[in-house]
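So the structure is just underneath, and the comments pick up after that.
Computed from a predicted structure; not experimentally measured. All heavy atoms count here, side chains included; hydrogens, waters and symmetry mates do not.
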Amino acid sequence: AETFVRVYRNAAKFQPRAKVSTWIFTIASNLCRDHARKAWRHKVFSLFAPDADSREHNPTTPESRLADDQPNAGESLALRESVAEALAAVDALPLKLKSPFILQVLEEKSQRECAQILGISEKAVETRVYRARKRILNTLEHKRTSS
């Protein structure tokens, strides 16, 4: 619903260079990405609060919670940083590469579906996803070697 509200509010800003469906998809994907970022930032991890599943099946004590196989704080932080870096690398892609990458890799759509949504050939989808992956890997590799 929020996508269509944004489309309505920004209709005057639409550039006829792109297809309307591509423009709407871009708005929707940006909203989804923004929502995921906000949800990630606001997620609270509690060391002693049992998960909903474990609470129902196996109540735990703080001591047993500390002894389980959950990642430690350092591992959790490293994982969050890696995810944030990967999302930033995807976000930095030009729209021409970002849209096919998000559709095929993250949303798991077929090349045919991606081609229909974007109005390009299946081969173009394949090429753009390949180039997007290459850029993302280069960005992440550069980031790791420079830190």
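- In this structure, Thr145 contributes its side chain and His142 its backbone to a donor-acceptor pair below 3.5 Å.
- Under the 4.5 Å side-chain contact rule for hydrophobic residues, Leu31 and Val7 share a cluster.
- Here Glu122 contributes atom CD and Glu113 contributes atom CD; the two are 10.5 Å apart, rounded to the nearest 0.5 Å.
- Residue Cys114 holds its SG atom at 11.5 Å from CD of Glu126, rounded to the nearest 0.5 Å.
- Two residues are said to be in side-chain contact when any heavy atoms from C-beta on lie closer than 4.5 Å; Lys109 and Gln104 fail this criterion.
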Please lay out, stage by stage, how Arg128 and Ile120 fare under the test side-chain contact (heavy atoms from CB on, under 4.5 Å).
CA-CA 11 Å; Arg128 291 176 187 184; Ile120 58 178; 3.5 Å; yes
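- Between Leu97 and the choices Ser99, Pro94, Pro100, the side chain to side chain contact (heavy atoms under 4.5 Å, CB included) rule is met once, by Pro94.
- Asn10 contributes atom CG, which lies 6.0 Å from atom CD1 of Ile27 (distance to the nearest 0.5 angstrom).
- When all heavy atoms are compared, the tightest approach of Leu140 to Ala89 is CD2-CB, 4.3 Å.
- Side-chain heavy atoms closer than 4.5 Å link hydrophobic residues (I, L, V, M, F, W, Y) into clusters, and following such links, even through other members, never connects Phe101 to Leu95.
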Please step through side-chain contact (heavy atoms from CB on, under 4.5 Å) for the pair Leu137 and Glu141, ending with a clear verdict.
CA-CA 6 Å; Leu137 289 172; Glu141 182 66 30; over 6 Å; no
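- Side-chain atoms of Asp91 and Lys98, non-hydrogen and from C-beta on, do get closer than 4.5 Å to each other.
- The minimum heavy-atom distance between Ala115 and Ser121, with the atom names listed, is CB-C, 3.8 Å.
- The hydrophobic cluster containing Leu106 also contains Ile136, counting ILVMFWY residues as joined when their side-chain heavy atoms lie under 4.5 angstrom apart, directly or transitively.
- Taken to the nearest 0.5 Å, the CZ atom of Arg6 stands 14.0 Å off from the CD1 atom of Ile24.
- With a 4.5 Å cut-off on side-chain heavy atoms, Val125 and Arg112 do not count as touching.
- No side-chain heavy atom of Gln111 sits under 4.5 Å from any side-chain heavy atom of Val129.
- Going from atom CD1 of Ile117 over to atom CG of Leu103 covers 5.0 Å, rounded to the nearest 0.5 Å.
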